[in-house]
Amino acid sequence: MTTAVVRVLAAMLTEPTAERYGLDLMQDTGLASGTLYPILVRLERAGWVESRWEDIDPVAEGRPSRRYYRLTDAGAAGARRELAVLRQHLSRATGLVGKAREA
Amino acid sequence: MNAVDRLAAACLATAARRWPEELSGEMLSAWRAELAALQTEPGRPAAVRAWHACAFVVSLACSPAVEAAGEPERTRHDRIATAGRTLVGLTGAVGVVLLAAALFDLVHVVDHALGPRIPFGAALAAGVLLLAGAATVMARIGALAGRRFPARRATVYVAAIGAVAYGFFLAGNRVKVMPFMGWIDIAPGVTAWTLLTIVVVGSTARLAAAGRRSAALVTGAGGSVVALAVSAVCASLHAAAQLEVRAGSAPAWFVLALLPGGRSAIGVPTTVSPDEPRADAGCCPGTWNTSDVLLGNLSAMAGPLLLCSVFVLALALRAARVAPAPAAAPVDAGAARRTLGTRAVAGCAVAVLLLVPTPAGAASLGGVPLGLPLRAMLVVLVVALARFDGSARRLRQVGIWLVLAAGAALLSLAVGEALRGEDRLTAALARFGDNSTVFGFGFLATGGGQLALAVTLGVLAARWAVAPDDARSSRATATTRRLPAG
């Protein structure tokens with residue numbers, strides 16, 4: 001799992017049931033559009049994310065419909081699990097660095 | 001719609017084309033919606049909105065697309081490997097330009113040697129025959145390269161050849177004997193050739209892939225002549241203005257540049273005294289026409305570009321006959337490492353062979369140093385041995401390569417022997433360096449130029465060092481995979 005994927009999952013986990021659009025996720029994660037969209041597609045293929053078109057009348061709203069992305073239940077559980085494992089690795093690594101410094 | 005909006009729309013369309021078919025439509029709609037939101041972001045100045053919109057679309061246009069469903073994800077390692085292969089592939093373009101220039105120089109040298117001794121008609125016929133021979137060599141190599149080259153990338157090859165040719169023409173004129181071969185002459189000529197040839201090669205490949213081979217041949221040949229003629233005019237406008245050559249004669253410049261010099265009178269007669277420095281005058285002392293300078297300069301560029309056109313057309317026609325290859329079979333990691341190792345050893349050996357200086361007082365035959373033929377033979381031998389895998393079929397190939405090596409050595413000796421009288425060998429080698437007889441290899445006078453050439457030839461040797469195990473079977477498969485005609 002790359003850092004960029006972790007950032008997307010962490011951003012979506014802040015509100016696991018919320019629907020997010022691409023620009024919103026770009027602002028939250030700081031990722032460029034060319035990095036974010038391939039990640040969303042891969043997560044959707046893996047069943048971690050689902051997407052739908054915004055239900056509006058583009059003529060009445062004066063803008064095109066947006067694509068919304070949301071974590072699935074399996075995706076939210078998987079993301080929590082992966083982030084927990086990552087945190088464990090990080091704390092272990094930080095502990096080792098701290099011990100080395102003390103020594 | 002302003003220029004930024006048009007650029008944004010074009011970038012999104014480009015990005016969507018690169019994505020898998022099942023996703024491109026949906027993603028394009030999603031991106032357009034986000035772009036519209038960025039362009040109407042409230043509370044931001046117009047310049048900031050335009051900047052955000054540009055960043056959004058350029059990132060999509062430049063980033064790698066997601067892989068098609070079912071395909072493995074491309075890692076960073078894969079992308080670095082692709083970039084490495086592209087760089088190695090560029091040496092192919094360098095090799096094509098060097099070979100085209102060397103072959104045209106050979107035609108040029110023979111024309112110079114024969115011209116004063118035989119009637120004009122015979123000299124013309126000899127020149128045409130030699131040029132046809134050089135074009136045949138380039139077409140054959142182009143067809144060989146096309147067997148393993150995707151047709152859709154033929155236009156990329158043209159762009160690479162154009163870039164290399166630009167550098168080659170500039171570097172080749174180290175000693176300024178071609179007064180009108182600066183960037184102001186070379187850039188318009190090579191740019192025109194590259195852009196027009198990309199269009200011609202693209203059309204030719206599409207027609208050939210559709211089974212319309214006659215139309216492809218006519219389009220390729222006709223379009224290439226037009227591209228070369230336009231390129232010749234673009235490369236010569238600056239010189240023609242300086243030399244007072246009639247602009248009305250421009251359509252004939254390309255053809256006249258390929259004919260023996262000293263026959264046209266489309267400029268103004270000029271007399272150069274014997275005291276005038278030759279390089280500044282751009283021609284020999286005596287009375288001559290300024291069009292000779294124009295056409296002499298032009299031939300140094302038009303000749304190699306003509307041979308490059310032949311190469312890319314042959315490549316595109318051959319590549320279009322082969323359908324896209326199926327997904328690659330899993331590669332045996334051990335075999336891949338051995339292949340890479342063999343290529344590296346062969347490439348380094350060739351580069352070192354070319355760079356080792358011939359010691360003073362080295363053996364000679366009839367006054368001709370043996371260093372050159374010996375090196376030619378060793379280079380061919382290294383490549384032949386690298387291709388040998390112990391099979392009987394490869395043993396036959398090694399035999400053929402050995403014959404080729406002996407041929408290369410004998411040819412080198414024969415050329416040396418022919419040039420030997422009146423110390424002509426030294427004079428000829430010196431002229432190779434200062435461009436007074438041939439053009440384009442002036443960079444070999446420097447250590448850096450020699451190193452660059454040795455490395456390039458080493459990489460090319462490494463690419464040829466390991467033939468695919470199924471070279472023959474892939475040829476047979478290619479024949480059966482030909483697309484249906486009509």
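Every chain is numbered from 1, with letters handed out A, B, ... down the list of sequences.
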* To do: Considering only heavy atoms and a distance below 4.5 Å, find which of B:Glu26, B:His52, B:Glu67, B:Glu34 pairs most often with chain A.
  => B:Glu34
* Is there a side-chain contact between B:Met27 and A:Leu40, using heavy atoms and a 4.5 Å cut-off? -> no
* Asked: Who wins among A:Arg42, A:Arg66, A:Arg63, A:Arg67 for the most heavy-atom pairs under 4.5 Å with chain B?
  -> A:Arg42
* Step by step, work out the salt bridge (charged side-chain N to carboxylate O under 4.0 Å, His left out) result for A:Glu15 and A:Arg20. => CA-CA 9 Å; A:Glu15 283 178 84; A:Arg20 316 284 294 267; 5.1 Å; no
* Side chain, backbone, both or neither: which part of B:Thr40 has a non-hydrogen atom closer than 4.5 Å to chain A? -> neither
* Asked: Is it the side chain or the backbone of B:Glu41 that comes within 4.5 Å of chain A heavy atoms, both, or neither?
  -> side chain
* From A:Leu9, A:Leu71, A:Ile39, residue fulfilling side chain to side chain contact (heavy atoms under 4.5 Å, CB included) relative to A:Val49 -> A:Leu71
* For chain B, find which of A:Pro58, A:Ala32, A:Ser33, A:Pro38 contributes the most heavy-atom pairs closer than 4.5 angstrom. => A:Ser33
* Asked: Which of these passes side chain to side chain contact (heavy atoms under 4.5 Å, CB included) with B:Thr197: B:Ile161, B:Thr204, B:Val158?
  -> B:Val158
* To do: Could you tell me which portion of A:Tyr69 (side chain, backbone, both or neither) has an atom closer than 4.5 angstrom to a non-hydrogen atom of chain B?
  => side chain
* To do: Kindly give the heavy-atom pair with the smallest separation between A:Ala10 and A:Leu83, and that separation in Å.
  => CA-CD1, 4.0 Å
